[in-house]
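One structure is given below, encoded as structure tokens.
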Protein chains: 2
Amino acid sequence: MPHPVKKRHTGCPVAFALDTFGDRWSLLIIRDIVLKGSKTYGEFLEASEGIATNVLADRLKELESAHILVKSRDPNNHRRYFYRLTEKGIDLVPVILEMIQWSAKYDPQTKARKEVLSKIESDRQGFLQEIRERLRES
Amino acid sequence: MPHPVKKRHTGCPVAFALDTFGDRWSLLIIRDIVLKGSKTYGEFLEASEGIATNVLADRLKELESAHILVKSRDPNNHRRYFYRLTEKGIDLVPVILEMIQWSAKYDPQTKARKEVLSKIESDRQGFLQEIRERLRES
DNA sequence: AATTTTACTTGCTATTTGCAAGTAATAAAA
DNA sequence: TTTTATTACTTGCAAATAGCAAGTAAAATT
């Protein structure tokens, strides 16, 4: 079973952020929720670029205990659970948007969609508000 | 010698960003340059929350080959090198600012300074511009 | 009652990190 | 000009983490 990474708790906000979600997978899981509408373990397994099942289980546990995700049962199918973003998690969307813009600028093979990019640039606040509302009501 | 992490090269901009700097140390090195004015190997070793020397060497190499950093000799002391951000590296500052804002909001022990935070909120573009200019002329 | 779905866990190997010590080139001091 | 110190690394090894394949358990479906 993978373990949580050592926390630096130095007070530096950059270090705090990296200690919380600074690994290869955490933000991809959040991307799956925000951009692909994933909610369940199975959906993350399929959507997240081939994340290993034990690593996925570990990251979900970590993100839940960091209060970035909340887990609830699917009322219609008690075998499965829904993972949703908390407000703390939703507040990570701006970080993801900046990453998207940076990669769109520097990755020649980027698949970032032009419409999305122009929306982010021309009406960032509106775009963020739409995402927030969608996530809150999901 | 640590090796580069496996690249996913899937076209997803979030994955591209994480493949490039999505680890516990890369953005801390960049923070050292941007916020602490670090330039040399020794300064990174001292500033970066106790990064191990071999990991530092590896990350510098990776960031250089990703064209985020450039390495040049100190003309006054040929034993040492200066590491500076390229434009590609400078363009990561917005990502770092978002992380700072998120951590300032959610870390009760944050040491993020209020003046900096209000400057970021009230005049983000101006703040970014100041940083860019300082980094370019350094 | 048997099968399938869903969300994991377990065990093992490979990779990466972290620590301590060592090296090589240049500069400074004696 | 020989010795010492600085600076930027490299090397070797142990510990932690990631990745892969197979297994388990509860709930739903057939």
Side-chain angles (χ1 to χ4, degrees), chain A residues 1-10 15 18-29 32-33 38-66 69-84, chain B residues 1-10 15 18-29 32-33 38-66 69-84:
Chain A
M1 175 203 338
H3 282 282
V5 284
K6 196 179 134 207
K7 300 284 192 269
R8 284 165 284 218
H9 51 69
T10 151
L18 292 173
D19 284 343
T20 310
F21 56 83
D23 69 279
R24 259 167 72 72
W25 295 109
S26 297
L27 284 181
L28 275 190
I29 293 170
D32 291 342
I33 299 177
S38 306
K39 284 194 181 68
T40 66
Y41 194 91
E43 287 170 345
F44 296 131
L45 262 192
E46 288 188 354
S48 266
E49 263 87 5
I51 187 173
T53 173
N54 56 338
V55 175
L56 174 58
D58 179 72
R59 284 317 106 90
L60 288 173
K61 195 181 296 178
E62 288 296 313
L63 291 171
E64 205 195 339
S65 70
L69 298 180
V70 270
K71 183 183 181 180
S72 60
R73 282 216 139 145
D74 177 349
N76 300 318
N77 182 346
H78 276 204
R79 280 176 304 194
R80 64 184 192 180
Y81 297 89
F82 290 141
Y83 289 91
R84 287 194 187 79
Chain B
M1 174 206 336
H3 281 284
V5 286
K6 195 180 133 207
K7 301 284 192 270
R8 284 167 284 218
H9 50 69
T10 150
L18 293 173
D19 284 343
T20 311
F21 56 82
D23 69 279
R24 261 166 69 72
W25 294 111
S26 297
L27 285 181
L28 276 189
I29 294 171
D32 291 342
I33 299 177
S38 306
K39 286 196 181 66
T40 67
Y41 194 90
E43 287 169 344
F44 296 130
L45 261 191
E46 288 187 356
S48 267
E49 263 87 4
I51 186 172
T53 173
N54 56 336
V55 174
L56 174 58
D58 178 71
R59 284 317 106 90
L60 289 173
K61 196 181 296 179
E62 287 296 313
L63 291 171
E64 204 195 340
S65 70
L69 298 179
V70 270
K71 183 183 182 179
S72 61
R73 282 216 138 146
D74 177 350
N76 300 318
N77 183 346
H78 276 202
R79 283 176 301 192
R80 63 185 193 180
Y81 297 89
F82 292 140
Y83 290 91
R84 288 195 186 79

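Each chain gets a letter, A, B and so on, in the order its sequence line appears, and its residues count up from 1. Every value quoted in this text rests on a predicted model; they were computed, and no experiment measured them.
- Side-chain proximity of B:Y81 to D:dA8, D:dT10, C:dT10: nearest is D:dA8.
- The phosphate of C:dT17 (OP1 or OP2) has no side-chain N or O of B:W25 nearer than 4.0 angstrom.
- In this structure, B:I51 places its CD1 atom 15 Å from C1' of D:dT10, rounding to the nearest Å.
- Each of A:D23 and A:T53 lies near DNA chain D, and the nucleotide nearest A:D23 is the one positioned closer to the 5' end.
- Exactly one of B:L60, B:N54, B:T53, B:D58 qualifies for a side chain to side chain contact (heavy atoms under 4.5 Å, CB included) with B:L56. That residue is B:L60.
- Put simply, CZ on A:R73 is 8 Å from C1' on D:dA27, counting in whole angstrom units.
- Note on A:R24 versus B:D19: salt bridge recorded, some NZ/NE/NH1/NH2 to OD/OE distance being below 4.0 Å.
- Contact annotation: B:K71 reaches the phosphate of D:dC9 (side-chain N/O to OP1 or OP2, under 4.0 Å).
- If you measure from atom NZ of A:K61 to atom C1' of D:dT17, you get 15 Å, rounded to the nearest angstrom.
- Around atom NE2 of A:H78, more than 12 heavy atoms belonging to other residues, nucleotides or ligands sit under 6.0 Å away.
- The ring pair (Phe, Tyr, Trp, His ring centres under 6.0 Å) check on B:F82 picks up nothing, with sequence neighbours excluded.
- Under the side-chain hydrogen bond (donor to acceptor under 3.5 Å, both in side chains) criterion, B:S72 pairs with B:R84, not counting sequence neighbours.
- Atom CD1 of A:I33 is separated from atom CG of A:L28 by 11.5 Å, given to the nearest 0.5 angstrom.
- Taking atom CG of B:N54 as the reference point, atom C1' of D:dA16 lies 14 Å away to the nearest angstrom.
- Rounded to whole Å, the distance from CD on A:E64 to P on C:dA7 is 14 Å.
- Rounded to whole Å, the distance from CG on B:D58 to P on D:dA8 is 17 Å.
- Among D:dC9, D:dG19, C:dT9, the nucleotide with an atom closest to any side-chain atom of B:A57 is D:dC9.
- Using a 4.0 Å cutoff on non-hydrogen atoms, the parts of residues 40-50 of chain A near DNA chain C are A:T40, A:Y41, A:G42, ordered by number.
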Please list, for nucleotides 28-30 of chain D, all pairs of protein and nucleotide N/O atoms separated by less than 3.5 Å.
from   : atom 1 : to    : atom 2 : distance (Å)
D:dA28 : OP1    : A:H78 : N      : 3.1

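- Taking atom CZ of A:F82 as the reference point, atom P of C:dC8 lies 13 Å away to the nearest angstrom.
- In this structure, the side chain to side chain contact (heavy atoms under 4.5 Å, CB included) partners of B:D23, at least two apart in sequence or on a different chain, are B:W25, B:S26, B:R59.
- With sequence neighbours left out, the side chain to side chain contact (heavy atoms under 4.5 Å, CB included) criterion links B:A57 to B:Y41.
- Note that B:K71 lies outside the cation-pi zone of B:Y83, set by a 6.0 Å cut-off to the ring centre and a 45° limit from the axis.
- With rounding to whole Å, B:R80 atom CZ is found 12 Å from C:dA27 atom P.
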